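Structure first, commentary second.
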Amino acid sequence: MPRAAMTTSRPDDLFRRYLGLLGWVGDPGLHELVSSHLIKIPFENVSKLLLPADAPKNAIPPIEEFLRGIGDQDLGGTCHALNVHFAALLQFLDYDVELLAADAGGVPRAHAVCRVSFEDQLHLVDVGHGAPFYHPIPLDSLPLHIPHGDVSYTLDRHASHREAVEVVTLRKNTRVHSYVAKPPPVTPDGFGAAIERTHAADAPLMRRLNIIRFFASRVLEIDNNRLVTTHHNITTVTPIRDIDELEAIVHEALQLPRMPVREAVDALRARGVDIFDGATA
C-alpha cells in the first residue's frame with residue numbers, strides 16, 4: 001500500500017515518532033495499537049475547519065503534518081486521515097493490512113477502513129469512525145452488536161459483495177448512518193474526490209464542531225454546544241453555555257489542553273455558523 005504523502009523525514013523516524021505518540025517504543029501488538037490509537041488520538045474536525053486556505057482540499061494531510069498536529073495541538077483528524085495513516089503505520093510494522101473504501105449514504109469512498117489479516121483471521125479496524133471500536137473486529141465474529149449508551153452499532157456481511165461489511169449506527173434503535181466497506185483495496189490517492197466533498201461550504205463537517213475523545217471506560221463528545229458523555233453504557237447530555245465553558249471542557253474534561261477550539265469556533269462564525277445559537281444545536 002503506497003504511503004499517504006511525500007515526506008521530508010526518514011520513514012523510520014516518522015513511524016517511530018508515531019509509535020511514541022501512542023505511548024509505545026516498539027510494536028505492542030495489534031490489539032494494543034488499535035486501542036491506544038483510539039484513546040490517544042481524537043476524532044475531530046477542528047483541523048479541517050482550520051486548514052489553511054492554500055492547502056490542498058482533495059488530499060490527506062502529509063504524515064509529518066498529521067503527527068505535528070497530534071504532538072503540538074492535540075489534534076487528530078476525521079476518517080480518511082486517521083485510517084489512512086494508521087494503515088501506513090501497520091504496514092511499517094509488517095502487518096498484512098489493506099485500505100478499503102466504504103460507501104456511505106450513496107456516496108462512494110465517503111469513508112476509509114483497514115482490513116488486517118492477523119492470526120489467520122481477517123479483521124476490520126476502524127479508528128476513524130468516532131465509534132467505540134477499541135479492538136480489531138474479527139470478521140468471522142459477524143454479525144455483531146455493540147451497545148454504546150443512546151447509540152449502538154451493528155456489523156454484518158452485506159449482500160453487495162461476498163467480502164463486504166456493513167456498519168450501521170442506530171440511535172435509540174433508529175438507523176441514522178451506515179457504511180459498506182468492500183474490496184478491492186485502494187490507495188490513499190483514491191479518496192481525493194471524497195475528501196474534496198468534505199470541504200464543500202455546505203458539508204456537515206464544515207458547518208459544526210465535533211470532537212470525540214475516547215477513554216478506557218468512557219467517551220466524551222463535543223457536538224456543537226453539547227457535551228455528550230457515555231459511561232457504563234449510559235449517555236448524558238450537558239449544554240455548553242459559551243466559548244469559555246467550551247474551551248474549559250475541551251482542555252480539562254477531554255484532556256486536550258492545546259487544541260485550538262476557540263479558533264475553530266471563530267472559523268465557524270466566519271462561515272455564518274454560531275454553535276451557541278439554539279437553532280444549530
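Note that the numbering runs from 1 along the sequence shown for the chain. Not measured: the values here are computed from a predicted model.
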Stepwise side chain to side chain contact (heavy atoms under 4.5 Å, CB included) check, Ile41 with Leu22: CA-CA 8 Å; Ile41 302 179; Leu22 298 182; 3.6 Å; yes
Approximate separation, where rounding is to 0.5 Å, of Asp140 CG and His123 NE2: 8.5 Å
Flag, side chain of Lys48 to backbone of Glu44, donor-acceptor distance under 3.5 Å: no
Donor-acceptor pair, side chain of Lys40 and main chain of Leu38, under 3.5 angstrom: no
Parallel, tilted or perpendicular: ring planes of His31 versus Phe118, cut at 30 and 60 degrees: tilted
ILVMFWY network linking Tyr134 to Val127, side-chain heavy atoms under 4.5 angstrom: yes
Whether Glu166 side chain and Arg157 backbone form a donor-acceptor pair below 3.5 Å: no
Any side-chain heavy-atom pair of Thr230 and Val151 under 4.5 Å: no
Any donor-acceptor pair under 3.5 Å from Asp96 side chain to Ser117 backbone: no
Val97 vs Val116 side-chain heavy atoms within contact, under 4.5 Å: yes
His37 and Tyr18 aromatic centres sub-6.0 Å: yes
Side-chain heavy atoms of Ile222 within contact of Leu227, under 4.5 Å: yes
His231 side chain to Thr229 backbone, donor-acceptor under 3.5 Å: no
Polar side-chain atom of His80 near backbone of Arg109 as donor-acceptor pair, under 3.5 Å: yes
Heavy-atom side-chain contact between Asn210 and Glu221 under 4.5 Å: yes
Residues Arg269 and Asp266 bridged, charged N to O under 4.0 Å: yes
Exam field: side chain Asp242 to backbone Glu245, donor-acceptor pair closer than 3.5 Å: yes
Distance-minimising heavy-atom pair for Gly76 and Ser47: O-OG, 4.5 Å
Sub-4.5 Å side-chain heavy-atom contact between Glu64 and Leu14: yes
His129/His177 aromatic ring centres below 6.0 Å: yes
Heavy-atom closest contact (Ala104 atom, Tyr179 atom, distance): CB-CB, 4.1 Å
Nearest-0.5 Å distance, OG1 of residue Thr78 to CZ of residue Phe43: 5.5 Å
Smallest separation among heavy atoms of Ala112 and Cys79, with atom names: N-SG, 4.3 Å
Test item: Asp74 side-chain N/O and Arg258 main-chain N/O as donor-acceptor pair under 3.5 Å: yes
From CD1 (Ile146) to CG (Leu155), nearest 0.5 Å: 5.5 Å
Trace of the side chain to side chain contact (heavy atoms under 4.5 Å, CB included) decision for Ile275 with Arg208: CA-CA 7 Å; Ile275 66 169; Arg208 69 185 306 104; 5.8 Å; no
Euclidean distance, Lys182 NZ relative to Glu163 CD, rounded to 0.5 Å: 11.5 Å
Closest contact, heavy atoms only, Leu209 versus Ala264: CD1-CB, 4.2 Å
Contact check, side chains of Asp12 and Phe92, non-hydrogen atoms, under 4.5 Å: yes
Residue pair Leu50, Leu75: steps toward the side chain to side chain contact (heavy atoms under 4.5 Å, CB included) verdict: CA-CA 11 Å; Leu50 298 181; Leu75 295 171; over 6 Å; no
Chi angles and distances behind the side chain to side chain contact (heavy atoms under 4.5 Å, CB included) call for Val46, Gln73: CA-CA 10 Å; Val46 172; Gln73 295 184 290; over 6 Å; no
His232 side chain vs Ile234 backbone, donor-acceptor pair below 3.5 Å: no
Single-linkage hydrophobic cluster, 4.5 Å side-chain cutoff, Leu93 and Val34 together: yes
Same apolar cluster (I L V M F W Y, side chains within < 4.5 Å links), Phe133/Phe214: no
Shared hydrophobic cluster, Trp24 / Ile70 (ILVMFWY, side-chain heavy atoms < 4.5 Å): yes
Nearest non-hydrogen partners of His85 and Pro62, listed with the distance: CE1-C, 4.0 Å
Arg271 atom CZ: more than 12 heavy-atom contacts under 6.0 Å: yes
Contact check, side chains of Asp150 and Val228, non-hydrogen atoms, under 4.5 Å: no
Cluster check Met206, Leu51: I/L/V/M/F/W/Y, side chain < 4.5 angstrom: no
Non-hydrogen atoms of Val180 and Ala164 that approach each other most closely: CG1-CB, 4.1 Å
Sidechain-backbone polar pair: Tyr95 side chain, Leu30 backbone, donor-acceptor under 3.5 Å: yes
Passing candidate, side chain to side chain contact (heavy atoms under 4.5 Å, CB included) with Val261, options Leu254, Val250, Ile249: Val250
Leu100 CG to His111 NE2 distance, which is reported to the nearest 0.5 Å: 10.5 Å
Contact check, side chains of Arg115 and Pro183, non-hydrogen atoms, under 4.5 Å: yes
Gap between atom CG of Leu33 and atom CG of Leu19 - 0.5 Å precision: 6.5 Å
